[in-house]
K.L.:
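Below are the structure tokens for one structure; questions will follow.
To find a chain, count down the sequence lines: A is the first, B the second, and so on, and within it residues start at 1. In what follows, every heavy atom counts, from backbone to side chain, and hydrogens, waters and symmetry copies are set aside.
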Amino acid sequence: MSGPRRDGEDAFDDLDGLSRPQLERWWQARLREELQVAYEELPFYRSRFDAAGFDPGAFHELTDLALVPAFEKGDVLAAQRRAGSAWVGLERLPPDAGSVAVTMSSGTTGTTFLAWPQRWRDEQGRSALRAHRWAGIRPGAPMLLVAPAWHAYALVQPYLSEHLGVPCAVVSGTFLPRFADRLADALVSFRPRFLWTFLPMLFSLLAATDTGGREARDLFSSVESLVVAGAPVSPGMISYLQGRTGVRRVVEFAGVSENLLAVACGEGEGLHIVPDTCYVEVLDPSTGQPSAPGERGTVVLSTTVPWGSVYLRYRTGDLAWSDPGCCRCGLPSPRVKILGRDSELFELRGRQLLPYDVQIAAEAVPEVAGVPFVILREALREGRLQLVLAGPPARSTVSNALRQALREAFDVPVEVAWREGLPLQFKGVATVVSADGAT
Amino acid sequence: MPVGGELEALEFYRSRLDAEGNVRPWDVDDLAEFAGHGDPFAGRVAPGDRPTLSFQLEVPEEPVVWIGAEPAEVYAWSMALEQSLRLWGLGPGDTLALFDYGSSPLVLLSSSAYLPYLGQGAAQRLGVTTVCSDGVANAADRMAETVEMLDPAAIVLRAELVVPLAGALRRRGVRLRCRWVALCCSEGAPRRVEAHACEQALQVPTRRVLRADAAFVLAPECPTCDRFHLDSDLYRLETVQGAVTVTTLFARRCPSHRYLLGAAGADSPGCPAAPGSWRVRWD
């Protein structure tokens with residue numbers, strides 16, 4: 001799979017052609033200005049900066065970000081409760097903003113609200129266009145509008161369509177797996193060359209082809225670039241999706257509602273940060289210092305679009321590793337790989353693990369790559385790893401190999417079961433559930 | 001507006017034209033019959049034509065039917081929504097919560113944030129802020145959070161969400177303070193009894209929306225006359241053999257002539273709130 005080249009057809013503009021030091025200087029300038037604006041115009045930041053003794057004028061280098069107080073979703077939720085309002089003083093709206101579109105964060109730990117004026121939609125739209133260009137989008141073929149309107153991604157789709165000048169097809173319903181048939185119909189009727197989808201929806205789409213007696217490869221035959229988002233995607237999963245759909249270019253997107261965007265190039269490991277959307281730090285949670293390259297840490301996001309809901313040094317609750325090294329594809333932006341949420345961490349014999357760790361270990365058995373599974377919580381409490389995989393009982397050699405691979409990876413007793421009809425919401429996203437949740 | 005020969009060029013209408021060139025009234029089931037033959041636009045768009053914007057209808061389930069339009073036509077459709085919001089008294093600085101599918105015309109036509117090529121959506125033109133939730137029952141708690149934190153001036157609500165939303169509001173201890181709820185469903189209008197039940201459950205004045213997406217129809221229930229208004233610049237109403245039909249004047253790429261609205265009846269124009277509008281009853 002070929003990735004974006006900064007001097008090739010995927011290059012978007014001069015920003016893609018900067019050297020790393022030039023890009024860092026670009027980020028420094030952007031963040032310096034943004035911190036100043038945040039202090040002068042946004043009460044949420046003014047009070048936090050004052051309390052921490054941070055003077056925006058003291059920001060010179062990217063490493064100075066460590067001086068800026070970080071915050072997390074709980075802080076925004078608390079501010080909402082205090083204010084009795086969604087608007088907590090981190091929203092920057094032009095005086096003539098008029099109508100604003102409001103989206104929501106994912107609601108797993110409470111909902112925060114994000115205000116997006118037209119000014120943000122223009123700047124973020126351009127940045128998203130860069131990301132989509134890296135991922136292979138081109139003018140010429142129809143675009144399917146698929147994201148739910150509560151999600152910020154829905155707001156960049158109109159910009160993408162208009163700037164590519166492509167016809168659009170609006171898929172009915174909402175972006176839940178039960179509407180997969182509708183998306184399948186849109187694929188057949190409009191033959192898009194580019195498709196963006198959430199991983200669970202993609203698995204629902206594949207399930208719909210299975211039950212409808214249709215070949216998945218026929219359904220995706222027009223698609224040249226398939227973007228998957230919404231969960232960390234493993235290399236085995238990429239291969240599995242390439243095999244099932246016949247699409248050669250399967251691209252991982254990582255996004256966070258508060259404005260994180262990163263895109264895999266397919267050449268180096270990890271996903272390139274989209275620089276005019278955000279700057280990303282990966283920090284060691286125990287020291288607050290940057291994690292060593294490749295070491296796991298917490299994600300701290302600073303948006304580089306200074307309009308709408310401005311999130312500066314926001315702990316997203318994601319765990320990731322970063323790679324500041326140069327990538328073979330030539331893009332100057334460093335790479336990150338989001339591995340899961342800190343709320344998904346579980347303990348197994350003293351080790352803190354994510355479901356993604358189990359997924360990677362399981363992929364040592366090629367037949368298991370791409371097979372959805374859940375991890376049972378009850379067994380973890382007893383120091384065992386018990387997996388339920390979707391599908392008819394596999395050959396005993398596969399189950400044995402999987403047990404062996406997981407035992408070697410985690411040094412714990414392992415049990416493996418197969419079950420047809422695993423609930424759809426788990427498909428493609430490994431999760432820890434209680435035993436009765438897996439039925 | 002395509003007439004006579006232009007309609008004859010479209011397969012769907014060819015079989016529905018009588019000797020005088022009048023279109024035999026039709027509804028979504030007639031479209032589904034055509035769509036079943038492999039044409040997603042059910043013979044209403046010239047063969048090989050690809051409209052700039054295509055919309056998959058929520059109904060019927062199978063076969064799926066699409067409609068298509070050009071930006072100017074979609075803008076005209078959004079005028080119907082703008083008139084609805086205006087009639088119900090929404091204005092600059094208000095927030096409108098849309099508890100409906102993201103693919104609903106009530107969402108799409110409200111803002112260019114959701115739909116490309118729209119220019120300015122109905123809510124944008126009125127200076128109204130929009131927020132959309134998923135429009136499914138298991139998102140009711142999020143809707144209640146939205147109500148609590150955004151304090152919307154008005155809510156567009158799918159009829160099947162009244163009970164889940166009322167329950168979620170009760171659980172959070174949130175009282176609705178909005179000026180009105182507009183109750184909608186995917187085809188036609190909710191029944192009057194459903195609107196009454198909504199008023200009881202949410203303790204908020206409730207108005208209904210009449211939707212016929214296949215014909216680009218969107219009409220508000222008028223608080224003054226209790227009828228649904230259809231702007232005479234956008235739609236033409238006829239009673240054909242006792243049935244109320246609507247022709248959409250702006251629909252050119254995917255013409256919509258004599259769509260059977262399913263309304264209980266038509267009244268002559270004359271409501272003081274919109275003297276020029278057609279009026280239909282829906283009980």
K.L.:
Has the side chain of B:Thr130 got a donor or acceptor atom that lies under 3.5 Å from a matching backbone atom of A:Ala101?
P.N.:
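Checking the backbone N and O of A:Ala101 against the side chain of B:Thr130, no donor-acceptor pair under 3.5 Å is found.
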K.L.:
Please say whether more than 12 non-hydrogen atoms of neighbouring residues, nucleotides or ligands are located less than 6.0 Å from CD in B:Glu187.
P.N.:
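More than 12 heavy atoms, drawn from other residues, nucleotides or ligands, come within 6.0 Å of this atom.
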K.L.:
What residues of residues 140-150 of chain B make heavy-atom contacts with chain A at a cutoff under 4.5 angstrom?
P.N.:
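Listed by number: B:Arg142, B:Glu145, B:Thr146, B:Glu148, B:Met149, B:Leu150.
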K.L.:
At a 4.5 Å cut-off on heavy atoms, which part of A:Leu155 comes close to chain B: side chain, backbone, both, or neither?
P.N.:
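For A:Leu155, the contact with chain B is made by backbone and side chain together.
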K.L.:
Listed by residue number, which members of residues 90-100 of chain B have a heavy atom under 4.5 Å from any heavy atom of chain A?
P.N.:
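Residues in range: none.
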K.L.:
Which atom names give the shortest non-hydrogen contact between A:Ala169 and B:Trp66, and what distance separates them?
P.N.:
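So the minimum-distance heavy-atom pair works out to CB-CZ3, 3.7 Å.
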K.L.:
Would you name the heavy atoms of A:Gly165 and B:Tyr117 that are closest together and state the gap between them?
P.N.:
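Answer, listing the atom of A:Gly165 first, then B:Tyr117: C-OH, 3.4 Å.
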K.L.:
Should B:Val64 and A:Ser189 count as side-chain neighbours, where that means a heavy-atom distance under 4.5 Å?
P.N.:
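No, side chains not in contact.
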K.L.:
Report the option among B:Ala113, B:Ala123, B:Gly102, B:Ser104 that has the most heavy-atom pairs separated by less than 4.5 Å from atoms of chain A.
P.N.:
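Most pairs with chain A among the choices: B:Ala113.
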K.L.:
Is any residue of residues 44-56 of chain B within less than 4.5 Å of chain A by heavy atoms, and which ones?
P.N.:
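The stretch touches chain A at B:Arg50, B:Pro51, B:Thr52, B:Leu53, B:Ser54, B:Phe55, B:Gln56.
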K.L.:
With only heavy atoms counted, which part of A:Ala115 is less than 4.5 Å from chain B, the side chain, the backbone, both or neither?
P.N.:
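Contact with chain B is absent: no heavy atom of A:Ala115 under 4.5 Å.
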K.L.:
Can you tell me if CD on B:Glu160 sees more than 12 non-hydrogen neighbours from other groups inside 6.0 Å?
P.N.:
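Yes - once you tally the heavy atoms of other residues, nucleotides and ligands closer than 6.0 Å, there are more than 12.
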K.L.:
Taking atom CZ of A:Arg191 as the centre, does the number of heavy atoms from other residues, nucleotides or ligands within less than 6.0 Å exceed 12?
P.N.:
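Yes, enclosed.
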K.L.:
Of the backbone (N, CA, C, O) and the side chain (C-beta and beyond), which part of B:Val107 lies under 4.5 Å from a heavy atom of chain A, both, or neither?
P.N.:
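Side chain only.
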K.L.:
Any non-hydrogen side-chain atom of A:Met104 less than 4.5 Å from a side-chain atom of B:Ser133?
P.N.:
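Yes - at least one pair of side-chain heavy atoms lies under 4.5 Å apart.
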K.L.:
Restricting to pairs with a member in residues 119-155 of chain B, which pass ring-ring contact (aromatic ring centres under 6.0 Å, His included), not counting sequence neighbours?
P.N.:
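Counting only pairs at least two positions apart or across chains, no ring-ring contact (aromatic ring centres under 6.0 Å, His included) contact touches residues 119-155 of chain B.
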K.L.:
What are the two closest non-hydrogen atoms of A:Pro148 and B:Asp134, and how far apart are they?
P.N.:
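In this case the closest contact between A:Pro148 and B:Asp134 is CB-OD1, 3.7 Å.
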K.L.:
Which heavy atom of A:Leu145 sits nearest a heavy atom of B:Leu115, and at what distance?
P.N.:
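So the two residues come closest at CD1-CD1, 4.4 Å.
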K.L.:
Pick whichever of A:Phe179, A:Trp116, A:Tyr159 has the most heavy-atom pairs under 4.5 Å with chain B.
P.N.:
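With the most close heavy-atom pairs to chain B, the winner is A:Phe179.
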K.L.:
Is chain B contacted by the side chain of A:Ala154, its backbone, both, or neither, given a heavy-atom distance below 4.5 Å?
P.N.:
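Backbone only.
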K.L.:
Side chain, backbone, both or neither: which part of A:Phe190 has an atom under 4.5 Å from a heavy atom of chain B?
P.N.:
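Contact with chain B: backbone and side chain both.
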K.L.:
Do you know which two heavy atoms are closest between A:Arg178 and B:Val136, and how far apart they sit?
P.N.:
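Looking at all heavy atoms of both residues, the shortest contact is NH2-CG1, 3.2 Å.
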K.L.:
Any donor and acceptor pair, going by atom type alone, linking the side chain of B:Ser103 with main-chain N or O of A:Gly173 inside 3.5 Å?
P.N.:
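Yes; at least one donor-acceptor contact below 3.5 Å.
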K.L.:
Look up atom CG in B:Leu57 and atom OG in A:Ser172, then write down how far apart they are to the nearest 0.5 Å.
P.N.:
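With rounding to 0.5 Å, CG (B:Leu57) is 8.0 Å from OG (A:Ser172).
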K.L.:
Over all heavy atoms of both residues, which pair between B:Ser111 and A:Arg121 is shortest? Give the atoms and the distance, please.
P.N.:
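Closest heavy-atom pair between B:Ser111 and A:Arg121: OG-NH2, 4.4 Å.
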K.L.:
Can you confirm whether B:Glu11 is buried at CD, in the sense that more than 12 heavy atoms of other residues, nucleotides or ligands lie under 6.0 Å from that atom?
P.N.:
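For B:Glu11, atom CD is not crowded (no more than 12 foreign heavy atoms under 6.0 Å).
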K.L.:
Counting heavy-atom pairs under 4.5 Å to chain B, which of A:Val156, A:Val188, A:Val166, A:Leu160 comes out on top?
P.N.:
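Result: the option with the highest number of such pairs is A:Val166.
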